[in-house]
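Reviewing the structure listed below.
Whatever order the structure lists ligands and atoms in, that order sets their numbers, starting from 1. Side-chain atoms are counted along with the backbone in the values below, which use heavy atoms only and exclude waters and symmetry mates. These numbers were taken from a predicted model, which means no experiment stands behind them.
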Amino acid sequence: MAKKKRGLKEEYNLLTRDLDWEPSYVPFEEMYPYVSFEGIKIHNWDRWEDPFRVTVENYVRIQAEKERKFHAIRENIDMMQSQLDLTDARWLEAMKLFAGVAFNGEYNAHRLFQYVSRHVPIPAIRFAAFTQSVDELRHVQNEVLLFNNYNKYFQGFHSWKKVSHRHWLMSVIKSFFEDAMTAGPFEGLAAIAFGFEVAFTNILFVTMGSTAMANNDLCYTAVGFTNQSDESRHMTLGMMAIRAMLEEDPDNAPIVQKWLDKWFWRSYRAFTAIAYILDYVAPKKVVSWKEAFEMYIEDQVLNGLFKDLEMFGIRKPLYYEQAIIEKDRISHQAALILHRVSHVAFFHTFAPTAEDQVWLEEKYGDTWRDVWAKKWEQQTDPNYERNYPGLPMLCQTCQYPMVFAEPEDIHKTAYRHSEYEGETYHFCSDGCKTIFDDEPDKYKEAWIPAHEILSGNCGPAEDLLNYWGIDPEDGGDYYESTDYKNFEKWKKMRA
Ligand code: FE
Ligand code: ZN
C-alpha cells in the first residue's frame, strides 16, 4: 500500500523546525549568550513560523536552477560583447561605485546573517537567516563574476578587493555593516532585515534596475534579477522579526523604536550614493531620486509600513521630516563633492551636460534653477580649482563628508558636534549625532579614513592610490577619459 504523502507544513516541520531541541546539560543562557543583552523579551520562542516553509532540499534545488540560468546569461553577455550595447559607457561610472559598495556590503551581510542565525533562538528566524546568509554569499560571487566582464574593457574594476576594503569612500558602507555586526543579534537583524531590506531595497533593485535596463546594461539587469528573486524572502524575514519582537512583549516596543530610528537614518544616509546614480550618472534617466523617495519611502514606508506598526505604539522614525526636506538636495550635494574628488576615486565624474541639465530642471524645478544650477556654474568656471586640495572632514557616524545642508537653510552646511571624554566628534546631521550620543563608546572607535591617513595607517601619503587599489586614470573627468574615447571608437567600429 502506498504511504500517505506528507503535507508541506508537516514535511517542513520534520526537516527544519523539529530539529531544534531543548538543551539538557547546557543552560539556555550559555547556548545563546547574547540573548538577554539587548533587553528583548520573547516568551514563546516556537510560536514563530517561517512563512516560506522552505526546506534545505527545496532551497538548494531552486537556487541551483537560478545559478544555471544566471551563468548562461553571463557567458552570453560576454560572448555577444554586450558592453557595446550600453547607451553610453558613462553608465559604468555608476556600476563601478555600485560594485565597490556591493562587494563588501553583500559579503558583510553574509557574515551578519551567520551571526543572526547562530544567536537568535527562534527556529524560524534562524533558518530564514541561514538561507539569507547563503544568498548573500551567492550575490557577492555573482557580482564579482559579472563585473569581471567589464574589467576586460573598462577602467576602475581591476582591484576590487583593495577598492572594496580600503578605498576611503567605501568606509561609508563598511561602517554601516560593521555597526550592525557588532550590535546584538536582534538589532543586527532589525538593522539589515528591516532598515535596509524592507525600507530601502526596492529603490536599489526596482528603480536602479529599471534605470540599468533603460541604459541596456545587461550585467546589472542579470544580477538584479537573480538577487531580487531572493529579496522577497529577505523582506518577509524583516517583517516577521519586527512583528515577533513587538507582539511578544510591550516592553520591546521602545527598544525596537530606537533601532528603527537609528537604522532608518543610517540606511537613508547610505542611499545618498544611489540618489547620485539616478539623477546624475545615468545617461538615460528614468526616475529621479525625489520621485523614488516619494514613491518608496514616503508612500510605502513612512505612510504605509509605519502606519501598520502604530498599533504596537511605534511612531515614524526620528528625523524623517529632515529626510523629506532633503529629497531635492542630496543627489546634487553628492554630485558636487564627487566632482571635486575624482582624482582620488576609482570612477570618473563629470559636470552635468546640457541634456542632463534639461532633465534636472524638469525634475527639480525651482531648487535646480535657484541653487544647484548656480553651484555648478561656479564649480565649472575655468578659474575654479576643481580638485579638492585636502582631506574632507567626515561624519563620525555615517562617514560621509560634511556636504549636507541645514534643514532650514539650504545655503548653510550642517555641522553638529558632541564632546565625549574630552574629545570633540563631528556629525553631518541631527540623525548622526543622536546615534553617536546614544552609544559614544562604540562610535568613538570608528575607522575614519581621513584620520587614519594622517596617522600613517594607510601607508605613505604619496602611495595612497596604490593602497586604495586605483590607477590615476581610473579617476578624473569622464569626458576626458580613455573609457569615453574607447567606447566612442568601438561603437563606430561596430556600426
Ligand atoms: Fe544581497
Ligand atoms: Zn552623518
Side-chain angles (χ1 to χ4, degrees), residues 97 100-101 104-105 108 167-183 187 191-192 195-196 199-200 203 258-276 289 293 297 317-338 340-341 388 390-420 423-453:
L97 185 53
V101 170
N104 80 53
N108 279 339
H167 191 262
W168 56 272
L169 188 54
M170 295 303 109
S171 247
V172 170
I173 196 74
K174 275 188 85 174
S175 82
F176 179 93
F177 277 98
E178 284 170 4
D179 188 350
M181 255 190 290
T182 49
E187 183 185 341
I192 307 305
F196 196 83
F200 287 90
I203 293 188
K258 204 164 80 176
W259 293 339
L260 297 181
D261 290 346
K262 169 178 166 181
W263 290 98
F264 174 81
W265 191 259
R266 287 224 67 176
S267 304
Y268 163 66
R269 266 289 178 262
F271 268 74
T272 304
I274 307 297
Y276 166 66
W289 167 258
F293 185 89
I297 309 304
L318 221 49
Y319 306 118
Y320 80 90
E321 302 97 331
Q322 294 193 8
I324 293 175
I325 291 173
E326 288 183 350
K327 70 187 173 191
D328 51 12
R329 299 179 178 182
I330 60 167
S331 64
H332 315 290
Q333 289 162 333
L336 283 157
I337 183 76
L338 289 172
R340 298 197 64 199
V341 294
Y388 190 87
L391 294 172
M393 183 192 264
L394 304 176
C395 171
Q396 186 76 21
T397 304
C398 73
Q399 306 215 8
Y400 271 106
M402 305 288 194
V403 296
F404 303 99
E406 283 290 351
E408 322 67 50
D409 186 355
I410 201 165
H411 297 288
K412 202 168 143 209
T413 306
Y415 291 103
R416 299 288 180 274
H417 67 271
S418 293
E419 305 286 331
Y420 186 66
E423 292 276 344
T424 307
Y425 297 90
H426 303 275
F427 313 98
C428 71
S429 55
D430 296 319
C432 284
K433 176 178 156 59
T434 302
I435 293 168
F436 176 94
D437 289 344
D438 192 53
E439 286 179 280
D441 282 319
K442 181 172 191 177
Y443 297 100
K444 74 178 185 194
E445 301 290 341
W447 199 95
I448 306 289
H451 301 181
E452 301 294 332
I453 290 167

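- A cation-pi arrangement is found for Arg269 relative to Phe404, the charged atom lying closer than 6.0 Å to the ring centre and inside a 45° cone about the ring normal.
- Phe436 and Tyr420 have perpendicular rings, their planes meeting at more than 60° on a 0 to 90° scale where under 30° would count as parallel.
- When ring centroids are compared, Phe176 and Trp263 come within the 6.0 Å threshold.
- Within the sub-2.8 Å shell of the Zn ion (ligand 2), the protein contributes these N/O/S atoms: Cys395 SG, Cys398 SG, Cys428 SG, Cys432 SG.
- Between Glu187 and Lys258 there is no salt bridge, since no side-chain nitrogen of the basic residue lies less than 4.0 Å from a carboxylate oxygen of the acidic one.
- Aromatic ring orientation, Trp265 versus Tyr319: perpendicular (interplanar angle above 60°, classes split at 30° and 60°).
- Relative orientation of the Tyr268 and Phe293 rings is perpendicular, given thresholds of 30° and 60° on the angle between their planes.
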